[in-house]
Amino acid sequence: MSRVYNFSAGPSTLPEAVLQTAQRDMLDWQDSGMSVMEMSHRGKQFSSIAEKLESDFRQLLSIPSSYKVLFLQGGATGQFAAVPMNLLQGKTVASYLSTGLWSEKAIKEAKKYCTVNVAASSETQGFTSIPERSTWDIDTNSAYLHYTSNETINGVEFQERPDSSGLQLVVDMSSNILSREIDIEKYGLIYAGTQKNMGPAGVTVVIVREDLLGETMGGIPTIVDYKAQIKSGSMLNTPPTYNWYLVGLVLEWLKNQGGVKAMEVINIRKASKLYQAIDVSSIFYNAVDINCRSRMNVPFSLHDDALNKPFLAFAADNGLVTLEGHRSVGGMRASIYNAMPEQGVDMLIECMSEFERSH
Ligand SMILES: *Cc1c(COP(=O)(O)O)cnc(C)c1O
C-alpha cells in the first residue's frame, strides 16, 4: 500500500496516525466489543468521547468558560443562516467583509434575514487582496461584523484580526482554525466546518460568547437555535457520533504535536518555502497580494495555461495529487493544512522545479 500526498482543499488529508488508530479501534473500541459507530450517543462510553472532544478543543484554543462550544451539522453553509438568525437580536443590519467566494456565499444567505452592509469588497480586484482598512464602511448599527479569515478558494488570509469599530466579530474559520494562535476573547462567534483542518466532513464547530444570545429570534428552526443546542450539549438530535470521535483523534494528535503554537511554526515554514519557490520560478506565479497570502491554501498558476495538464500529470506520477485549482480560479492549488507533512511540501517544490527544468 502506498499513500499519496493529497493536496485536496476539503475533505482533505488526515494524519496517518489518526487513521491507524481508527483502524485499530474499528471493531472494538477500548474493550467495549463494538465500534464507536455502533454506540448509543447517550451511553457512558460515547459520553467519555464527547467530553474529551470538548475539553481537548477548549484546551487547544484556550477557550474561556464564558464561551460555549457546539458541535453541529449542516456545515459552515448552515452557519451562514444560523449566524444572522441567532445574533441579529432585534437589529436589522449586519456588516460583512467580502474577500472571496466564501464571503460572498455568507453574504448571499444573510440577505435572507437582514440588510447586509458590505463594508469592503475586493471583488473588483478578483479577490486577490484585502481592501485597506481606511476604505471600509462599517455600519455601526450592525449586529456584528462578519469576515472569512481564510478564503479557501482564493488563497487570501487575514494575517491579523480586523478592527471592527467596536462591533462583535463573527468569523468563518473553516480553513484555518487551529493553524495559528488566536485570542478567543476578541471574537463574538467563530465557526468552522471540520473537513479542512480538523477531521473528516460532517461536523461544524461553533464557539460563541454566551451572553450574545440574549433573545432568540422568533420562529427559527430549533436545530439552528444555539441556545437549544447549548442546553442539549449539541445533542438536540443524534449527532454524527463517528465523526465526533474522528475529530477527537485529530485533536489528540494535534496536542501530541505540541498544540497550535507548535503547528503555527511549522505552517509558517511550509507556506514560506512554497511561496518562495513560486516567486523565484519563471513559469509559475501566485497572484495574491503578498500581505494576505494564505498559509493554508496556496493557489498558483503557470504563465502558459497549456502546461497545467502536463504539470498535474507529472505531479500525480510523483504521488502528489488533487492539485487542480478551484474551477472558478483555474491553475493549481496546494492545500497544506496541519495534517500535510512538511515532506509533502518539499516534494511539491522539488517536483515544480524539475518540471520547470524540462519545460
Ligand atoms: C469549505 C468552506 C465552507 C463550506 O463548508 P461546508 O461544510 O461545505 O458547508 C465555508 N467557508 C469556508 C471558508 C470554507 O473553506
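The structure presented is a predicted model; accordingly, all values stated were derived computationally and were not measured. Counting begins at 1 with the first residue of the sequence. Every number for a ligand or one of its atoms is a count from 1 in the order of the listing.
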Donor + acceptor pair across side chains of S335, N297 (<3.5 Å): yes
Within 45° cone and under 6.0 Å: K108 NZ/CZ vs W102 ring: no
Pairs meeting criterion salt bridge (Lys or Arg N to Asp or Glu O under 4.0 Å) with involvement of residues 51-62, two or more places apart: K52-D56, K52-E252, E54-R58, D56-K255
Per-ligand residue contacts, ligand 1, heavy-atom threshold under 4.0 Å: G75, A76, T77, F80, W102, T148, N150, T152, D172, S174, S175, Q195, K196
Selection residues 116-138 - residue pairs positive for salt bridge (Lys or Arg N to Asp or Glu O under 4.0 Å), sequence neighbours left out: R133-D163
Any pair counted as side chain to side chain donor-acceptor pair (under 3.5 Å), so long as it reaches residues 40-50, sequence neighbours left out: none
Exam field: side chain Y67 to backbone I184, donor-acceptor pair closer than 3.5 Å: yes
